[in-house]
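What follows is a short report on a single structure.
A note on names: the letters A, B, ... follow the listed sequences, proteins ahead of strands, and every chain is numbered from 1.
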Amino acid sequence: MVRVTLPDGSTRAFEQPEVPVSDVVQLLGERAKGDTVGVLFGGQLRDVYQTVAGEGTLRPLKDDDEQSLYLLRHTASHVLAHAVQELFPDAKFAIGPPIDEGFYYDFDVEKPFTPEDLARIETRVHELLKKDLPIHREVWDKARAREHFAKLGQRYKLDLIDDIPGDTVSIYTVGNFVDLCAGPHIDSSRRIKHVKLLSTAGAYWRGDSKQPMLQRIYATAFFKKSDLDAYLDRLAEAEKRDHRRLGKALDLFDVKDEAGGGLVFWHPKGAIVREQMEQYLKQEYRTRGYQLVFTPHIAKADLWKTSGHLTYYRDNMFMMDVEGQEYVVKPMNCPGHILIYKRKLYSYRELPVRIAEMGTVYRRELSGALHGLLRVRGFTQDDAHIFCAPEQLPSEVDHALDFALSLLQRFGFDRFAVELSVRDPANPGKYAGTDEEWTMAESALEDAVKRRGLAYKRMEGEAVFYGPKIDVKVIDAIGRPWQLSTIQFDFNLPRRFDVNYVASGGERRPVFMVHRALFGSIERFMGILTEHYAGAFPTWLSPVQCVVLPVSAEALPFAERVRLALAERGVRVEMDAREEKIGYRVRDAEVHKVPYMAVVGEREAKEGVVAVRARGKGMVGTKPLEAFVTEIVDEVAAGR
RNA sequence: GCUGGCGUAGCUCAACGGUAGAGCACCGCAUUUGUAAUGCGGUGGUUGGGGGUUCAAGUCCCUUCGCCAGCUCCA
């Protein structure tokens, strides 16, 4: 018996144990039927070749529904495999799932695909799509499927069959390409019109480096050409914003071959931006009741034995031998902050204690994982550990979350995605700390997020063993998410180090520790910030805030007065009096993304004014010198 | 780490196994400039390092270093 609630609220019952989706779709009427690319039944994504069972509400999906892209791309990946099957008859097929922004298919072929191969495959994909490729779904018993794929030498498919529970598997045929596949697929290949192959890459079978290396083709597909174009534009835009390019072009920072991968050099201009970040943070620490400390970069291995890092984190640490003693370059700041907390016995009256550090740490990341400033081996965290009594948890989490959001907003991010990572109820044994403590901590985090009215996702089982956490992601100027701030409980280290406070009854109690980092890593934040602003930092962050451009040598004395007036008020100003035409120097300032240009010639000198040009906006008008200076100073003070 | 691609002037990139080049930047000269590139000339290279094949190597082979992309989002 199948009971289906249709979109109009009516309910239809079927006698059979399961009903083809296509039969249900028939009930929608001619027009809706033609628009339906797939359905959600009881919240489950289904295609028109599958069946539904039990009771549920049917929601037909049209091409503008988010989930429809999944169907489209899944089928597109089969068409891609179809093309590869024709052009490379010896290819072995692995998997070809849809992913967030497209799809891929993994192939085992003799030689890696060349860019020319990719072009040929794409052409073939487009040719195939001109025809209407019929799509069929069948259910085979496993023996038949094994026989079929064994005959074709498709060893990966055989592997997959072995892992599928049950006695049967589903087989989808798209055109001439027969594939083991769970589905779901789009209702018709005619809907696949806009496909673009993007790149090739090696990928291990099942992500396991002991398994054969397959050749993966990444691609994407959309219903509408405008969507595909927008996506490709976004890729191009992302490339233009690449912080590695901009870091070099704007002379902000770089990674040097001579020093090694993952080690960042901050050039003078980049150092100015970093200085602004740190100054802002330090001022906030003062007003928000944090105490700044410094801790050594290396420490005896024993300290890391106590913390547990030596056991669990060894592969990620740089170690060295000093007169027979093993030393560790710190990969984290927590033990150092704990040692500072433990220098004395704290009373409950003194809590919370918030210890902060711009802590530079080094981690042995795999060479292949390194990426510009975003994934490095040496970086500075804006790290802090909050030591508090259990009853202070809610207000401390609130305090930290408020700090995080106000900091991120100050740096130009106003779209957030919050994730709350909590215990895995199925695996309670792996966690440090008691059930009670976890419950308390999780609700402190959840309440803080709710109080702020933030949308958040509860990630069941995503918490690390030592405590639950909140991660704050920002969405940047071109819609990409970046994980930045984190607020994490730690039930592990305080116990390992026996960290206490004296409670009101005079007894020693274990202290609660909250770890938080807002920028996360200064290096990574700088990389993200550079991409977010495409190198055009707001005035308060710009390495050079204003450049003075004397039109000719006659204007030089007044230009110098302008420069000095700005410099005296703390504006980062440069003079460009090179013997180049004014157009050339204006262009140079624009290319270097300087927010303001003060053009002064004889006219301005006579009247004591400056002709102001703003980055990207051209001339904005002529102003008295004093008014211009005040305007910039005010803008900087306001953090714009 | 593994697989593939790449490594040529400060930067971006050319050069069928046959004389290492261009644009920008930099330097010099001329120009004295009015809001996104003035003209002419010049400096600059052990082609990432090492080894090999060849009459001849940026180009082919080996090795080493570095960079880039990817390495389950599970049929």
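- Relative orientation of the A:Phe253 and A:His243 rings is tilted, given thresholds of 30° and 60° on the angle between their planes.
- In terms of phosphate contacts, A:Arg613 brings a side-chain nitrogen or oxygen within less than 4.0 Å of OP1 or OP2 of B:A36.
- Side-chain to base pairing of A:Tyr104 with B:C73: no donor and acceptor N or O lie closer than 3.5 Å to each other.
- Remark: B:G70 base-pairs with B:C2; criterion is Watson-Crick or G-U wobble with both hydrogen-bond distances under 3.5 Å.
- Across all strands shown, A:Val169 has heavy atoms under 4.0 Å from base atoms, whether or not it also approaches the sugar-phosphate.
- Taking only side-chain nitrogens and oxygens, A:Tyr105 never comes nearer than 4.0 Å to OP1 or OP2 of B:U72.
- Both A:Gln215 and A:Met597 sit near RNA chain B, but only A:Gln215 has its closest nucleotide nearer the 5' end.
- The gap from the P atom of B:G23 to that of B:U64 amounts to 39 Å, rounded to the nearest Å.
- If you run salt bridge (charged side-chain N to carboxylate O under 4.0 Å, His left out) between A:Glu590 and each of A:Arg613, A:Arg615, A:Lys617, only A:Arg613 comes through.
- The phosphate of B:A69 (OP1 or OP2) has a side-chain N or O of A:His371 nearer than 4.0 angstrom.
- Atom CZ of A:Arg587 is separated from atom P of B:C24 by 11 Å (rounded to the nearest Å).
- To the nearest angstrom, P of B:C67 lies 11 Å from CZ of A:Arg244.
- In this structure, A:Tyr204 does not reach the B:C74 phosphate: none of its side-chain N or O atoms is under 4.0 Å from OP1 or OP2.
- In terms of position on RNA chain B, the residue among A:Tyr584 and A:Arg245 whose nearest nucleotide sits closer to the 5' end is A:Arg245.
- Using C1' as the reference atom, B:C65 and B:A56 are 28 Å apart when rounded to the nearest Å.
- Between A:Lys473 and A:Asp471 there is no salt bridge, since no side-chain nitrogen of the basic residue lies less than 4.0 Å from a carboxylate oxygen of the acidic one.
- A:Glu604 comes within contact range of at least one nucleobase, with a heavy-atom separation under 4.0 Å.
- For B:G17 and B:C73, the P atoms lie 42 Å apart once the distance is rounded to whole Å.
- The nucleotide whose nearest atom lies closest to any side-chain atom of A:Lys248 is, among B:A75, B:U12, B:U31, B:U12.
- Between the CD atom of A:Glu580 and the CG atom of A:Asp588 there is a distance of 9.0 Å, given to the nearest 0.5 Å.
- A:Leu180 comes within 4.0 angstrom of a nucleotide base, judged by non-hydrogen atoms across all strands.
- For B:C55, the paired nucleotide is B:G18, the pair qualifying as Watson-Crick or G-U wobble because both relevant distances are below 3.5 Å.
- No hydrogens or angles were tested; on distance alone, nothing pairs the side chain of A:Glu365 with the base of B:G1 as donor and acceptor under 3.5 Å.
- Note on ring orientation: taking the six-membered ring where Trp is involved, the planes of A:His78 and A:Tyr172 are perpendicular (angle over 60°, cut-offs 30° and 60°).
- Of the nucleotides present, B:G23 is the one that pairs with B:C11 by Watson-Crick or G-U wobble criteria, both distances under 3.5 Å.
- At the heavy-atom level, A:Arg615 lies nowhere under 4.0 Å from the strands shown.
- One finds no side-chain N or O of A:Arg585 lying less than 4.0 angstrom from the OP1 or OP2 phosphate oxygen of B:U35.
- Of the residues listed (A:Asp167, A:Asp159, A:Asp162), the one engaging A:Arg146 in a salt bridge (charged side-chain N to carboxylate O under 4.0 Å, His left out) is A:Asp162, and it is the only one.
- Base contact: A:Ala611 has a heavy atom under 4.0 Å from a base atom.
- Look at the C1' atom in both B:G48 and B:G66: the space between them is 7 Å, to the nearest Å.
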